[in-house]
Each structure stands twice: as structure tokens, then as C-alpha cells.
**Student:** 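Quick one: the structure is below, questions incoming.
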Amino acid sequence: MWLGVDVGSVSVDTVLINDKIEVFKSAYLLTAGMPIEAIKEGLRKSRDSVPVLGVGTTGSGRELAAVLTNADIVKNEITAHAIAAAHFVPDVRTVIEIGGQDSKIIILKDGIPVDFAMNTVCAAGTGSFLDHQAQRLGIPIEKFGQLALQSKSPARIAGRCTVFAESDMIHKQQLGYGIEDIIAGLCKSLVRNYLVNVAKGKPILPPIVFQGGVASNEGIRKALEEELGMKVFVPTYNKLMGAIGAAMLAKKVMKDKRKTSFRGFDICDMEFNTQSFICEDCPNTCEIVKISSNGKVLATWGSRCGKWDLSK
Amino acid sequence: MVYYHSIMKIGIPRAGLYYQFFPLWDTFFKELGFEVVYSPPTNASLLKKGLEYAHSDICFPMKVNFGHVYWLKDKVDVLFVPRFISLEEKKYMCPKFMGLPDMLKASISNLPPLLDVNFNIRKKPFIRSWIEVGKRLRVSANKVKKALVKAEISQKSYQWNNLNGGDGLKIGIVARPYIIYDKYVSAELIDRLKEKGMNILTADNLIPEIINKEIAILKKPIYFDFGEKNVGTALHFLNSGEVDGFLYLISFECGPDSLLKEIIDDRARTSDIPYTTLVLDEHTEIAGILTRVEAFLDMIEYKSKTKFNL
């Protein structure tokens with residue numbers, strides 16, 4: 001079994017995959033601002049007695065997850081997502097991934113990524129915003145998509161910026177639009193925003209794989225299909241694709257390595273402490289974070305110059 | 001008017017065109033017998049001052065420039081902040097360079113006198129601008145000419161060597177000099193890639209003929225500063241295959257680059273040389289840059305294989 005851990009801004013996903021890249025066990029947990037606890041909980045849920053042959057971590061919190069698990073490979077989420085998508089849909093040309101706080105597009109050719117883009121200065125249209133709006137409207141996020149599908153005439157919502165999108169939604173509510181029309185309108189505007197900002201200038205060719213947490217939202221998926229005029233495929237494990245990619249990478253890297261460096265599932269019960277301080281050695285005044293367990297420092301990071309990094 | 005005395009300190013902000021012309025400037029002022037004081041390489045506290053004093057809608061590297069001027073202002077007798085208008089025939093500098101001395105005077109008080117001489121090749125050759133610089137420093141035109149000869153030699157003979165040697169990947173970087181060579185602004189990109197054993201190629205490593213040859217196919221000349229140099233370099237990377245892939249670094253608020261990017265993007269579509277853009281500004285998280293660079297390098301690596309090979 002190979003273990004994959006994807007630590008994102010909103011969720012922590014863990015998977016155990018077998019030789020045939022079948023998901024054996026998995027967990028999807030909200031980070032809730034406590035990534036270390038979430039990683040431990042995720043591992044507890046995917047804990048198994050079968051031996052783990054390799055561990056891969058990905059996501060914006062990949063370094064943290066790597067320190068906790070003592071991973072065999074640490075990989076960025078763009079590569080991890082591309083690898084998983086190319087496995088489930090071998091002829092995939094476009095991967096659209098919308099997560100908690102970032103969104104990306106990956107263009108593939110012959111099963112390898114040839115171009116990609118990731119949102120730069122704007123996180124409009126990502127999971128966090130949808131969560132926030134669902135909460136504001138008193139709708140569980142799981143029902144958000146189905147409700148959007150019921151709309152007959154979606155309201156026009158400005159999608160350029162989430163702040164303006166919200167004021168637009170409030171205004172439309174005040175005008176008396178039905179909630180399903182507002183939600184459907186929001187889905188449409190967010191898709192437009194994604195296409196003109198993140199996917200701008202990229203050749204979007206089928207087959208298109210739509211993954212990440214937001215892919216669970218049927219409203220967004222429908223809006224994407226309408227806007228692109230193409231079918232969009234959402235894989236079964238859309239939320240776990242990053243983690244699956246990381247596990248696949250671990251499987252690959254272990255071909256050249258004898259034994260995994262995995263710390264073992266015992267880490268679920270280990271205590272990890274973090275401590276931060278400001279390094280005053282130069283005018284950059286970097287914030288340094290130290291992660292330790294049982295009095296032993298496992299990792300230190302945060303300095304621009306690298307002077308606090310532990311030698312690997 | 002500034003009065004000359006032998007140990008006059010001339011402050012040069014380590015920002016903007018310093019990154020292109022430092023060999024020339026340094027030699028020029030030292031040849032004339034001045035003490036040259038540089039601000040330190042950009043750092044967080046310096047940038048903080050820049051953000052505090054700069055106008056909010058100018059670009060990131062300009063805000064950095066303000067921080068350097070602020071650092072220098074009480075340490076020198078005079079600041080070398082020329083008004084760069086046009087440095088090449090039929091080309092214009094971006095308006096922020098033209099207005100820099102004015103913006104500085106308007107927002108930072110107690111500045112020492114600025115050597116805000118116009119550099120405008122459309123109106124007069126550089127030598128006359130340098131003579132004016134000399135005049136303000138009470139140096140004769142003759143001395144200026146002599147110093148300038150030496151200064152131009154140091155500029156020409158400066159080696160922009162970013163190669164590591166060895167057979168590591170060759171990565172091209174296209175960017176304005178004050179983005180790519182300012183380590184803080186560029187998140188130490190060159191150093192990070194070199195640490196991985198890669199060889200870096202920038203516009204400064206190419207001979208002008210190569211760049212001009214690429215530019216010749218464009219429908220009309222580009223009149224933005226660094227426009228032809230950067231687009232020509234990017235086209236060379238795309239067409240020649242001299243690099244394994246290249247990165248284009250732009251500042252989020254850069255007007256000229258937002259247009260030039262379209263030309264490069266357009267040409268990149270029909271090329272199979274891996275290419276990606278990194279957008280930088282004062283809110284840029286290094287982690288985000290590293291994620292993209294890492295994915296970019298993966299792309300190059302996988303390109304040499306047909307499948308992911310898992």
C-alpha cells in the first residue's frame with residue numbers, strides 16, 4: 001500500500017492505494033485551522049495493518065505533512081493532480097482543478113503536462129468563497145449544487161471579484177430573485193471568472209477532467225459545461241486526486257529506494273509542537289517556525305536566507 | 001545647485017536601472033573621485049518604507065525604489081536619480097521612470113538634492129546628459145568625457161555570467177533587470193535554480209544580433225523600454241531550443257509587460273518549449289512561486305519521457 005497526503009488550505013485528504021492504484025482507504029477532513037491535528041486524524045482514519053511501502057505528500061502544506069510522516073517524496077499539487085488525472089483518464093487534455101483557495105488549469109498532451117496556470121492575485125470562485133456564501137444563505141454546501149440545477153433563469157452576478165459578487169447577490173435578493181436563481185447565477189459568474197483569469201489563453205480541449213473539492217458542486221460543473229460547450233468529467237475521487245497523485249509518486253520513487261522512511265501510523269498518537277519566533281539577524285526579520293516532537297526538532301523553516309533550515 | 005568637494009557622497013539606489021547599468025555608474029562616479037554609497041540589497045524593512053512612501057498604484061519594483069531612496073536620503077550629499085525618458089532610438093521608458101524624480105520629491109521630505117538629469121536619446125546623446133551631471137557636481141566636461149570612456153569599458157566588459165557549468169538543465173529567464181537581478185523581488189530565483197545545478201540564461205547573455213534577428217519578424221517595432229530585448233529573448237528561446245524551458249517574470253502592475261506577455265504567449269502556443277509566467281508583487285508569497293517553479297521543472301523533466309512512467 002502507498003500512502004498519499006494532500007494538505008490544502010481547507011481540507012486534508014489522505015489515501016491508501018494498492019498496486020493497481022485502487023483506493024483502499026481514504027479520509028477527507030476539514031483543516032479547520034489546525035493542520036497538524038487534521039493530518040493526524042486523517043492518518044488515523046486511513047490507518048491499516050497492511051504495510052505502507054511509501055509515502056508522498058502534496059498541497060500547500062506538503063512540507064508540514066512531509067515532516068510529520070517523514071515522507072519519501074514531496075511534490076507540488078500541480079504535478080500531483082496531473083498525474084492522478086492522467087491515470088484515471090489516460091487521454092485527458094485538460095485538467096480543471098478548483099480547491100479551497102486556489103484554482104488551476106493543466107494542459108496535457110500524450111499523458112504529460114505541457115502547460116499550466118494557477119490563480120495569481122485573486123482567489124475568487126474557489127471553495128472558500130462558495131462555503132462562505134452557502135453559510136450566508138443558510139444552505140448546506142452539499143445542497144448548493146443541486147439547488148443551482150433547479151434554476152430556470154439564473155440571475156446575472158458580477159464575478160470579477162468576490163466582494164462585488166456578494167454585493168450583487170445581496171442586491172438581487174433585495175430585488176426578490178429566487179434563491180436557486182441567485183445560486184445558479186453565482187455558479188455561472190464564478191466559472192466565467194475562472195475561464196478569463198486562470199484559463200485565459202489556454203487551449204481547452206476534451207476530454208476535460210474537473211477535480212478538487214469544488215468539482216463536487218453540480219452547479220459549477222453544469223455552468224462549466226454550458227460555458228465551454230463540452231462535457232466535463234468529474235472523477236469518482238475528485239476530492240482525493242491530489243492525494244492519489246502523491247501516493248502514485250511515492251510508488252514510483254520507491255522503485256529506486258529500498259525502504260520507506262515513513263514514521264509509521266504511530267504518529268497519530270505523537271505530540272507535535274510548533275514554536276515561532278522572529279529572527280532579528282537581518283532587516284528581513286523573517287518569521288521562523290520550529291516543529292518538534294519529544295524535545296527533538298524535526299524541521300525549521302521560514303527564513304529567506306535558509307540559515308535556520310535543518311540540513312537534510 | 002550642488003557644490004563639489006572632494007569627499008562628496010553620491011547615493012545610488014540599488015533599484016531600477018542600477019541593475020542594468022551599475023558597472024557604468026560605479027566607474028563613472030569613482031573616476032571623478034566621488035564616494036559612491038549604495039543602499040543595501042532589497043530587504044523586508046526597506047520594502048516596508050517603500051510601500052509607506054510610494055504611491056499605491058505604481059508597480060512593485062518602483063515601490064522598492066522608493067524604499068532604497070528613503071534608506072539613502074540622510075546618508076549622502078546627493079542622490080543619483082536621473083529622469084530616464086528614452087534610452088534607445090524610437091523607444092520610450094515607462095512613464096514611472098520619467099516621473100520618478102518628481103514622485104520622490106512629492107512624497108519623501110528632506111531629500112538631498114537629486115541628480116535628476118534627463119536621459120533622452122531622442123533629444124540629445126547621453127554624453128550631453130553626463131556632462132550636465134558633471135556640471136551639477138562642478139566637474140569639467142573634459143573630466144566627464146574621460147571618466148565616461150572608462151565607465152563604458154566597464155559596462156561593456158561586465159560578464160553577466162549565470163551559467164553553472166556542468167550538464168544541468170538550461171533555464172531561460174525573461175524579465176526586466178530590476179526584477180530578475182533583485183534577489184528579494186525575484187524570490188532569489190536565479191540562486192535557487194543554480195543550487196539545483198541548472199544553468200541560467202537571460203537577455204544579458206545573448207548577443208544583440210540574436211535578439212534583433214528575432215525582432216525583425218514582428219509586424220512593427222516595440223517602443224516600450226526592454227520590450228524588444230525581452231520579447232526578442234523569449235522568441236529566441238522558443239525558436240532556437242537553446243534552453244530546456246523558460247520563465248517570464250513580470251510585476252503585477254506592469255503595463256508594458258502585460259501587453260508584451262500577449263506576444264510571447266501567442267508565439268509560445270505553437271512551440272513545444274515549456275514556458276510559464278510568474279507574476280510578482282509585494283503580496284507574493286515565496287511558497288506560491290516555488291510551487292509554480294517546481295511544477296514547471298517537473299514539466300520539463302516529464303517532457304523528456306513519453307508517459308509519467310509510473
Side-chain angles (χ1 to χ4, degrees), chain A residues 2 21 58-63 74-87 90 101-102 104 106-122 200-203 245 247-253 255 278 280 282-287 301-306, chain B residues 40-49 67 71 183-184 187-188 191-192 195 245 250 252-253 261-262 264-266 268-281 283-310:
Chain A
W2 284 273
I21 324 286
T58 188
S60 48
R62 59 187 179 277
E63 296 290 349
V74 188
K75 201 50 123 179
N76 65 83
E77 54 272 36
I78 299 166
T79 305
H81 273 283
I83 285 178
H87 171 74
Q101 272 177 18
D102 62 35
K104 43 188 133 351
I106 310 164
I107 306 295
L108 295 99
K109 208 176 160 189
D110 305 322
I112 58 165
V114 290
D115 195 9
F116 66 88
M118 209 168 160
N119 56 334
T120 50
V121 288
C122 172
K200 186 178 167 230
K202 305 280 180 230
M248 288 172 73
L249 281 159
K251 180 170 176 268
K252 185 190 171 197
V253 85
K255 277 183 192 162
I278 306 261
E280 306 268 10
C282 91
N284 280 332
T285 55
C286 299
E287 235 177 339
W301 54 58
S303 65
R304 245 188 122 118
C305 65
Chain B
T42 311
N43 60 52
S45 14
L46 205 140
L47 170 63
K48 202 175 147 219
K49 280 290 168 203
W71 189 92
K183 293 188 182 193
Y184 191 89
E188 290 99 6
D191 291 353
R192 285 175 202 274
E195 252 168 50
I250 54 180
F252 176 54
E253 305 93 335
K261 179 182 179 295
E262 294 299 316
I264 300 176
D265 282 358
D266 184 55
R269 258 173 233 134
T270 49
S271 164
D272 60 355
I273 300 287
Y275 148 71
T276 201
T277 317
L278 299 175
V279 183
L280 308 159
D281 72 2
H283 309 294
T284 300
E285 268 289 332
I286 291 187
I289 292 296
L290 297 186
T291 294
R292 288 165 179 83
V293 171
E294 206 187 288
F296 173 72
L297 296 175
D298 284 346
M299 205 159 82
I300 294 177
E301 192 193 321
Y302 290 128
K303 195 190 151 219
S304 56
K305 298 162 189 167
T306 39
K307 282 270 170 195
F308 271 124
N309 196 18
L310 291 166

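No experiment lies behind these values; they were computed from the predicted model shown. Order of the sequence lines sets the chain letters (A, B, ...), proteins ahead of strands, with each chain counted from 1.
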**Student:** Using modelled atom types only, decide if a donor and an acceptor are shared between the side chain of A:R304 and the backbone of B:I286 within a distance under 3.5 Å.
**Tutor:** no

**Student:** Tell me, side chain or backbone of B:T276 under 4.5 Å from chain A's heavy atoms, or both, or neither?
**Tutor:** side chain

**Student:** At a 4.5 Å cut-off on heavy atoms, which part of B:F296 comes close to chain A: side chain, backbone, both, or neither?
**Tutor:** both

**Student:** If you measure from CE on A:M118 to CG on B:L278, what distance do you get to the nearest 0.5 Å?
**Tutor:** 11.5 Å

**Student:** Just verifying a value: how many Å separate B:D191 CG and A:C305 SG, rounded to the nearest 0.5 Å?
**Tutor:** 12.0 Å

**Student:** Can you name the nearest heavy-atom pair linking A:P283 to B:A44, along with the distance?
**Tutor:** O-CB, 4.0 Å

**Student:** Among B:H283, B:E188, B:K48, which residue has the highest count of heavy-atom pairs closer than 4.5 Å to chain A?
**Tutor:** B:E188

**Student:** Strictly below 4.0 Å, N to O, side chains only: are B:D272 and A:K109 in salt-bridge contact?
**Tutor:** no

**Student:** Counting C-beta onward and ignoring hydrogens, is there a side-chain heavy-atom pair between B:T291 and A:E77 closer than 4.5 Å?
**Tutor:** yes

**Student:** Which atoms of A:K75 come close to chain B, meaning under 4.5 Å heavy atom to heavy atom: side chain ones, backbone ones, both, or neither?
**Tutor:** both

**Student:** Using the rule side-chain contact (heavy atoms from CB on, under 4.5 Å), only one of A:I112, A:I83, A:I78, A:N76 pairs with B:D298; which is it?
**Tutor:** A:N76

**Student:** Side chain, backbone, both or neither: which part of B:A187 has a non-hydrogen atom closer than 4.5 Å to chain A?
**Tutor:** both

**Student:** Can you tell me if B:E262 has over 12 outside heavy atoms packed within less than 6.0 Å of its CD?
**Tutor:** yes

**Student:** Quick check for you: among A:T285, A:V253, A:D115, which has the greatest number of heavy-atom pairs under 4.5 Å with chain B?
**Tutor:** A:D115

**Student:** For atom NZ of B:K183, is the number of surrounding heavy atoms from other residues, nucleotides or ligands below 6.0 Å larger than 12?
**Tutor:** no

